[in-house]
There are 2 protein chains.
Amino acid sequence: MAHSDLTIADRIQSGLDTLTRAERQLAHAILENYPASGLGPLSALAKDAQVSGPTVLRMVQKLGFSGYPEFQAELREELRAKAKNPIAKHDTWTEGAPSGHVLNRFTDAVIDNIRHSLAQIEPDAFDEACALMADTGRAVYIVGGRISHTIAEYLYLHMQVIRPGVIHVQSTSNTWPHHLLDIKEGDVVVICDVRRYENNTLKLAEMVHARGSKIILLTDQWRSPVHSLSDICFSSRIVVPSAWDSAVMPLLLIETMISAVQDLLWADTRDRMEALEDMFDQTKLFRKFT
Amino acid sequence: MAHSDLTIADRIQSGLDTLTRAERQLAHAILENYPASGLGPLSALAKDAQVSGPTVLRMVQKLGFSGYPEFQAELREELRAKAKNPIAKHDTWTEGAPSGHVLNRFTDAVIDNIRHSLAQIEPDAFDEACALMADTGRAVYIVGGRISHTIAEYLYLHMQVIRPGVIHVQSTSNTWPHHLLDIKEGDVVVICDVRRYENNTLKLAEMVHARGSKIILLTDQWRSPVHSLSDICFSSRIVVPSAWDSAVMPLLLIETMISAVQDLLWADTRDRMEALEDMFDQTKLFRKFT
DNA sequence: TCATATTTGTAATGTATGATACATCTCGTG
DNA sequence: CACGAGATGTATCATACATTACAAATATGA
């Protein structure tokens with residue numbers, strides 16, 4: 001807030017006693033449905049409070065603004081700040097680091113990304129995507145680009161355990177057409193494509209689309225060109241205070257999918273996981289969990 | 001609401017696909033801080049979205065309003081209505097999904113993990129780790145296990161661009177000793193090791209520790225056995241309502257590190273990144289960003 | 001590759017809006 | 001009750017704003 005830490009509402013409230021008759025009327029009208037009424041035209045507010053235009057203007061000036069537009073600008077600023085707050089209020093995440101520390105700034109941005117992205121997701125689409133991936137009648141192909149293949153692989157590594165028929169394809173590799181030789185109608189292709197969208201990925205999408213496969217797309221807020229070919233599309237906000245983009249939100253989505261698919265297939269997965277445990281034990285790849 | 005039960009945000013949301021480039025930019029700007037941005041002057045919104053005034057107007061008309069003022073009037077009406085119903089609060093992340101939906105439960109857990117993990121991190125240790133990774137006098141080895149190698153690779157792919165002398169080692173591969181032949185005292189080894197801690201990773205840690213390398217460990221709340229050998233250790237909470245663990249917090253940490261190291265090395269990185277851009281342009285690997 | 005349609009931006013225009021000057025009213029005070 | 005100082009409203013003005021018309025740019029399809 002430009003002028004002080006107090007909101008305009010607070011300031012009006014505290015000064016209520018010192019106001020004159022018309023000003024008090026006006027003050028109540030503003031507070032009545034705050035801040036909506038203050039965001040309309042001056043004349044509308046005046047009419048609503050049954051006072052004259054100049055009275056509104058004088059009040060606004062008493063509050064320290066040079067004019068009505070400036071007053072409105074601060075109201076909007078309050079609104080912005082309020083909308084941000086629900087969880088990001090935590091102004092420092094790491095105690096001992098100033099709020100300007102990269103750890104705090106970065107986390108703020110990520111939480112904000114999560115909030116915005118989830119607000120846009122349609123739960124039905126999510127459930128549908130999970131149902132597709134849980135359908136063992138369909139093969140599942142998982143595709144990622146240069147950077148995004150890392151989270152694609154993360155999805156792959158888990159899906160591989162959960163169900164059979166999961167194939168990992170790297171679109172940056174020239175050999176991707178080989179992996180798609182056997183793809184057929186009804187198969188599911190999960191594509192991760194965030195900006196610096198890659199031509200290879202688009203080509204791949206076009207090919208599998210032509211084959212009649214279902215495309216589930218994980219992309220960013222601007223949406224990969226693949227999205228026009230996709231059956232289900234999830235867009236994540238990925239902007240952070242960095243020269244790079246954030247993969248946290250896409251990863252969160254992927255993990256949630258893994259969890260949901262796992263639940264759908266629990267009966268089958270159980271055996272697979274136990275079998276895997278046995279194999280690990282035999283190969284002594286892992287230490288016993290202590 | 002005057003026109004329908006849907007809020008303007010909903011209507012914009014649902015029509016996102018049918019929009020053109022400039023309109024989509026605008027739509028995102030409106031949703032970004034909704035409804036504040038829509039309550040300012042048309043020109044301000046246009047500038048914010050980096051589109052022209054008329055584009056805003058056309059969009060508003062597409063939404064069924066006769067003009068911008070009418071659009072704003074409904075935004076204010078929504079605000080009024082929302083202020084009246086304090087029950088319509090966001091206690092869920094995705095509207096339209098019950099609070100018990102996996103999307104909401106999972107996200108709750110992840111946010112909780114982030115909060116707890118960051119509360120435990122010592123900013124000084126973080127800064128020190130970044131300084132080590134930014135020191136081009138030291139080689140940086142990045143190591144991950146069976147699953148964690150995906151986020152280790154994510155770190156690698158970025159560090160590779162930021163600075164020279166970055167090596168990716170996969171501890172699950174039998175060939176890892178080959179990659180460490182040249183490691184020397186003072187070099188930095190970033191190890192990702194979360195539960196199902198792997199024997200190979202511990203062996204590797206012991207070896208590089210003996211060589212006098214600095215170990216930065218990313219692990220979970222129970223801490224990998226490597227932690228006794230590590231110089232700097234970050235533990236992330238990774239429990240989520242799933243049969244699997246979450247890699248979101250480790251990834252968040254890694255991304256923050258990338259950002260911090262990038263900042264420390266900005267002068268040098270700049271050239272590297274530009275060189276990379278040129279190479280991408282030449283090989284036409286990526287589409288031009290639209 | 002060119003031609004056409006669609007999208008987008010620029011510049012001009014008219015109007016709604018906020019600001020100003022001044023007249024009127026209200027209320028306290030002698 | 002009259003006077004004056006502050007409060008409030010009316011009428012006018014200036015301008016910032018939304019709107020319109022048109023041109024440039026971009027995408028689409030032959």
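We use all heavy atoms of the structure for the numbers below, so side chains are in, but hydrogens, waters and symmetry mates are not. So you know, we letter chains A, B, ... as the sequences are listed, proteins then strands, and number each from 1.
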Can you pull the side chain to side chain donor-acceptor pair (under 3.5 Å) pairs that have at least one residue in residues 205-217 of chain A, sequence neighbours excluded? none
Whole angstroms only, please: what is the CE-P distance between A:M59 and D:dA7? 13 Å
For A:Y68, check ring pair (Phe, Tyr, Trp, His ring centres under 6.0 Å) against everything at least two apart and list the hits. A:F71
Hey, could you give me each pair passing salt bridge (Lys or Arg N to Asp or Glu O under 4.0 Å) that has a residue in residues 167-188 of chain A? Not counting sequence neighbours. A:K184-A:D187
With salt bridge (Lys or Arg N to Asp or Glu O under 4.0 Å) as the rule and sequence neighbours excluded, what pairs involving residues 228-241 of chain A come up? A:D112-A:R237, A:R237-B:E32
Separation of A:K47 atom NZ from D:dT8 atom P, in whole Å? 21 Å
Residue pairs, two or more places apart or on separate chains, that pass salt bridge (Lys or Arg N to Asp or Glu O under 4.0 Å) and touch residues 39-67 of chain B: B:E23-B:K62
Once you apply a heavy-atom cut-off of 4.0 Å, does A:V56 come out as touching a base, just sugar-phosphate, or nothing? nothing
Between atom CZ in A:R21 and atom C1' in D:dT8, what is the gap in whole Å? 7 Å
Are a donor atom and an acceptor atom from the side chains of B:Q72 and B:R76 found within less than 3.5 Å of each other? no
D:dG6 OP1/OP2 closer than 4.0 Å to side-chain N/O of A:T20: no
Compare side-chain N and O positions of A:T55 against OP1 and OP2 of D:dG9 and report whether any pair is under 4.0 Å apart. yes
What does nucleotides 18-25 of chain C look like as a protein-contact string, B for base, S for sugar-phosphate only, - for none, at under 4.0 angstrom between heavy atoms? SSB-----
B:L19 atom CG is separated from D:dT26 atom P, nearest whole Å, by 20 Å
In this structure, how many angstroms lie between the C1' atom of C:dT8 and the NZ atom of B:K62, rounded? 12 Å
For the pair made of CD in B:E23 and P in C:dT6, what is the distance, rounded to whole Å? 14 Å
Atom pair distance, as rounded to whole Å: CG in B:L26 and C1' in C:dT7: 14 Å
